[in-house]
Amino acid sequence: MEAITSKSLSSLLLFFFLVLCFSAGALTSADSTSSAPDDFIHASCGATRYPAICVECLKSYAPTVHRSPRQLALAALAVTADRARSASTFVSGLTPGTKPARSREAGAVQDCVETMQDSVDRLRQSVREMNRMGRAQSSRFTWHLDNVQTWVSAALTDVNTCLDSLAQNGSGRVRTAIRNKVVEVSQLTSNALALVNRLDPRN
Ligand SMILES: *[C@@H]1O[C@H](CO)[C@@H](O)[C@H](O)[C@H]1NC(C)=O
């Protein structure tokens, strides 16, 4: 049963990244004089688990990122924190509409409210930490990088915990309403972590 759910989820996903990141893509092509996607962003996103959504969500940052892996990771974290925040707000807004009789579902929604808020905090904290890193390969750099890696991994766990709880205890209505947004955040978080890990001189 879970396998079927995952399959239909994947097709929904494809639909969703097209919808949610399309506007960013459309804006970029309208604003930019060249329609060629940024090679650096393409190459870097190639190392992530979800390269298509990675490029779609980050290509509008090409002018500020230039060819800096650090700026790209920072942009990825900022976009992810922003999407996590809007998913979190959306999930919180669903709570009053949940019927008390459906206590399992209410529990799943409540779990998601908590874990999504937690993920937003960790992602924002990571953005701040990225701005505190010194020169690459200094001990200060690796210390801050370790923190970012820890927090982004924890944020990913949070988001996936929300998904698990929805998969197990959410009704069809709630799943449809929340899940796509949360899945997108999960993919963006995974990608951001991969881009952060590329900064690690110990890799
Ligand atoms: C689903 O609900 C049950 C009963 O409230 C709970 O024990 C279980 O942990 C929930 N599952 C998840 C994945 O949160």
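Order of listing sets the numbers, starting from 1, for every ligand and every atom in it. Just so you know, these numbers come straight off a predicted model, no measurement behind them. FYI, the numbering just counts along the sequence from 1.
- Residues forming a salt bridge (charged side-chain N to carboxylate O under 4.0 Å, His left out) with Arg122 (at least two apart in sequence, or on another chain): Asp118, Asp158.
- Looking at Thr48, its side chain does come within 3.5 Å of a backbone N or O of Cys45 through a donor-acceptor pair.
- If you look at ligand 1, the protein residues with a non-hydrogen atom under 4.0 Å away are Arg104, Asp111, Asp164, Ser165, Gln168, Asn169.
- Shown here are the salt bridge (charged side-chain N to carboxylate O under 4.0 Å, His left out) partners of Glu129, two or more places apart in sequence or in another chain: Arg132.
- Every pair passing side chain to side chain donor-acceptor pair (under 3.5 Å) that includes a residue from residues 193-203 is listed here, sequence neighbours excluded: Asp146-Arg202, Gln149-Asn197, Gln149-Asp200, Asp200-Arg202.
- Panel note: side chain Glu105, backbone Gly170; no donor-acceptor pair is recorded below 3.5 Å.
- When hydrophobic clusters are built by joining Ile, Leu, Val, Met, Phe, Trp and Tyr residues whose side-chain heavy atoms come closer than 4.5 Å, directly or via intermediates, Val183 is grouped together with Met116.
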